[in-house]
Amino acid sequence: MKKLIIYSIIFISILVIGGYVYLYVLPKGPVITEVKPLKTGKDAFVIYAYNNSKKKSIRVWTFKPEKWADNDKIVFVMHGGGRNAEDYLDVWQDLAKENNLLIIAPEFENSLAKYTTNDYQDGNLFTFFGSKNSKDNWAFKVIENIFDHIKTTNSITNKRYDIFGHSAGGQFVHRMVLLYPEARIETAIAANAGLYTFLDKSLSYPYGIKNIELENDKIKNSFSKQLILLTGELDNNANLGTFTSTDLAMKQGQNRLERGANFFDAAKEYADQNNLTFNWKIDTIKSVGHEYKKMSENSIEWIKNFR
């Protein structure tokens with residue numbers, strides 16, 4: 001029996017150490033590309049995701065209209081659970097041309113070795129083993145790093161950017177606004193998110209904020225940001241896309257449409273109870289379901305006009 005216990009401890013230790021090395025020591029991701037200015041039209045580059053580490057790289061797709069110039073709008077487009085950043089970029093090309101937008105679409109590749117659910121839409125607040133990551137290693141910081149890279153390599157002076165995310169990308173965007181309000185976001189659009197982080201101190205992250213530090217000043221800053229929760233009127237089928245159906249998730253609502261409304265109402269109630277300025281909006285798009293193309297098209301007016 002003692003030998004069995006010892007062997008079990010050794011085996012578990014090997015798994016833990018091996019997992020740590022695989023996830024956090026060995027380099028992951030595509031090969032870094034040459035640093036050069038963005039070309040007009042469709043382009044892509046690869047940089048290190050985090051400034052303080054060379055363990056993970058990220059591919060970034062871009063589309064630059066011919067007439068785009070310094071201080072014209074920059075929009076980050078965050079893909080859904082399919083991790084199909086290039087598809088999202090292609091959908092946004094016509095929108096970019098019509099509205100003169102520089103589109104930046106990071107690709108958080110989906111695999112255990114690269115970007116898991118924790119690493120992407122949950123924001124990478126915690127390691128695989130449950131310990132807290134520093135802010136410099138949050139996934140939200142990757143967006144800020146990409147923004148700095150683009151500004152530096154293209155002599156761009158824009159101080160802010162807009163951001164749109166659909167489905168898993170909608171989860172990413174609303175959490176970025178909530179937990180990282182210091183980001184240089186002007187207008188944020190979280191479309192058809194399937195799960196939300198409520199300001200509930202009795203629930204652990206990502207359902208609530210029990211195990212994260214979220215001071216009142218940060219919540220105040222979050223509510224002052226321009227966040228639009230974009231929901232599809234027909235996104236009321238739990239069988240569409242990848243839908244989280246844990247017990248805690250189902251308490252948020254039976255489908256994405258319900259969950260978006262419930263999250264907005266809870267945030268508004270929190271703001272009212274604490275006398276906080278509340279600058280968030282909710283917009284339900286008629287006759288649209290879980291469709292990133294149509295939700296993208298309906299986000300443009302918010303990007304152009306929300307002030």
Side-chain angles (χ1 to χ4, degrees), residues 22-65 68 73-96 101-124 128 133 136-154 156 158 161-173 175-176 180 183-185 191 242 292-293 296:
Y22 183 67
L23 291 171
Y24 298 107
V25 177
L26 297 178
K28 306 293 188 303
V31 177
I32 304 299
T33 55
E34 176 187 355
V35 176
K36 58 183 179 180
L38 299 176
K39 69 178 184 182
T40 299
K42 185 175 179 179
D43 200 2
F45 61 87
V46 179
I47 61 172
Y48 291 116
Y50 298 99
N51 291 336
N52 61 349
S53 172
K54 295 184 178 180
K55 300 306 178 188
K56 279 192 177 182
S57 62
I58 186 167
R59 190 183 311 280
V60 182
W61 295 92
T62 67
F63 184 84
K64 180 182 177 183
W68 192 91
K73 277 188 168 291
I74 298 174
V75 181
F76 278 80
V77 174
M78 309 304 298
H79 54 65
R83 309 300 180 98
N84 50 334
E86 187 177 8
D87 292 339
Y88 273 69
L89 181 82
D90 291 344
V91 162
W92 276 80
Q93 286 190 35
D94 287 341
L95 299 175
L101 308 171
L102 173 58
I103 306 301
I104 313 297
E107 183 178 289
F108 287 81
E109 291 185 72
N110 188 16
S111 73
L112 182 62
K114 296 174 184 175
Y115 298 96
T116 63
T117 296
N118 172 71
D119 298 333
Y120 177 42
Q121 61 257 45
D122 287 355
N124 200 37
F128 179 78
N133 278 322
D136 285 340
N137 290 308
W138 287 7
F140 314 129
K141 182 64 174 172
V142 176
I143 305 306
E144 291 282 288
N145 294 342
I146 294 170
F147 185 51
D148 284 332
H149 175 84
I150 290 171
K151 283 167 58 71
T152 301
T153 56
N154 295 273
I156 291 173
N158 292 53
Y161 56 86
D162 300 310
I163 187 167
F164 165 89
H166 180 263
S167 197
Q171 292 191 44
F172 180 95
V173 169
R175 291 188 181 112
M176 185 172 183
Y180 200 68
R184 290 163 288 181
I185 296 172
T242 302
Y292 69 85
K293 181 177 181 180
S296 297

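If you're wondering where the values come from, they're calculated on a predicted model, not measured in any experiment.
Taking the charged nitrogens against the carboxylate oxygens, Arg184 and Asp148 do have a contact shorter than 4.0 Å, which makes a salt bridge. With respect to the salt-bridge test (charged N to carboxylate O, under 4.0 angstrom), the residues Lys42 and Glu86 qualify.
Annotation: the span from Phe45 atom CZ to Ile150 atom CD1 amounts to 4.5 Å, rounded to 0.5 Å. Here the CD1-NZ distance, from Ile47 to Lys54, works out to 13.0 Å after rounding to the nearest 0.5 Å. Considering CG of Asn137 and OG of Ser53, their distance stands at 7.0 Å, rounded to 0.5 Å. Taking CG of Asp43 as the start and CD1 of Ile104 as the end, the distance is 9.5 Å to the nearest 0.5 Å. If you take CH2 on Trp68 and CG on Asn154, they are separated by 7.5 Å, rounding to the nearest 0.5 Å. Here the straight-line distance linking atom CG of Leu102 with atom CG of Leu38 works out to 6.0 Å at 0.5 Å rounding.
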Apply side chain to side chain contact (heavy atoms under 4.5 Å, CB included) to residues Ile58 and Asn145 and explain how you reach the verdict. CA-CA 11 Å; Ile58 186 167; Asn145 294 342; over 6 Å; no

Verdict with reasoning, Tyr48 to Ile32, per side chain to side chain contact (heavy atoms under 4.5 Å, CB included): CA-CA 7 Å; Tyr48 291 116; Ile32 304 299; 3.6 Å; yes

For side chain to side chain contact (heavy atoms under 4.5 Å, CB included), just list the numbers for Asn118 and Asn124, CA-CA rounded to whole Å, side-chain angles, deciding distance to a tenth of an Å, and then say yes or no. CA-CA 5 Å; Asn118 172 71; Asn124 200 37; 3.5 Å; yes

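A 4.5 Å side-chain heavy-atom check between Gln93 and Ile103 finds every atom pair outside the cut-off. At a threshold of 4.5 Å between non-hydrogen side-chain atoms, the residues Pro30 and Glu109 count as touching. Under the 4.5 Å side-chain criterion, counting only non-hydrogen atoms from C-beta, Val142 is not in contact with Pro106. The shortest distance between side-chain heavy atoms of Tyr161 and Val75 does not fall below 4.5 Å. Here the side chains of Phe108 and Met78 are in contact, with some heavy-atom distance below 4.5 Å. Considering only heavy atoms from C-beta on, His149 comes within 4.5 Å of Val35 through its side chain. Counting heavy atoms from C-beta on, the side chains of Val173 and Met176 never come closer than 4.5 Å.
Between Ala168 and Gly81, the shortest heavy-atom contact is CB-N, 3.5 Å. Here the closest non-hydrogen pair linking Ala96 and Pro65 is O-CG, 3.5 Å. Between Gln121 and Arg83 the shortest heavy-atom distance is OE1-NH2, 3.6 Å. Considering all non-hydrogen atoms of both residues, Leu101 and Leu95 come closest at CD1-O, 4.1 Å. Here the closest non-hydrogen pair linking Ala139 and Asp119 is CB-O, 3.2 Å.
Among residues two or more places apart in sequence or in another chain, the ring-ring contact (aromatic ring centres under 6.0 Å, His included) test is passed with Tyr88 by Tyr292.
Under the 3.5 Å distance criterion, the side-chain polar atoms of Ser57 are left unmatched by any main-chain donor or acceptor of Val31.
Outside the 6.0 Å centre-distance limit, the rings of Tyr115 and Tyr120 are not counted as a close aromatic pair.
Only one option out of Trp61, Phe76, Phe63, Phe164 pairs with Trp92 in a ring-ring contact (aromatic ring centres under 6.0 Å, His included); it is Phe164.
Ring geometry for Phe140 versus Trp138: interplanar angle over 60°, hence perpendicular rather than tilted (30 to 60°).
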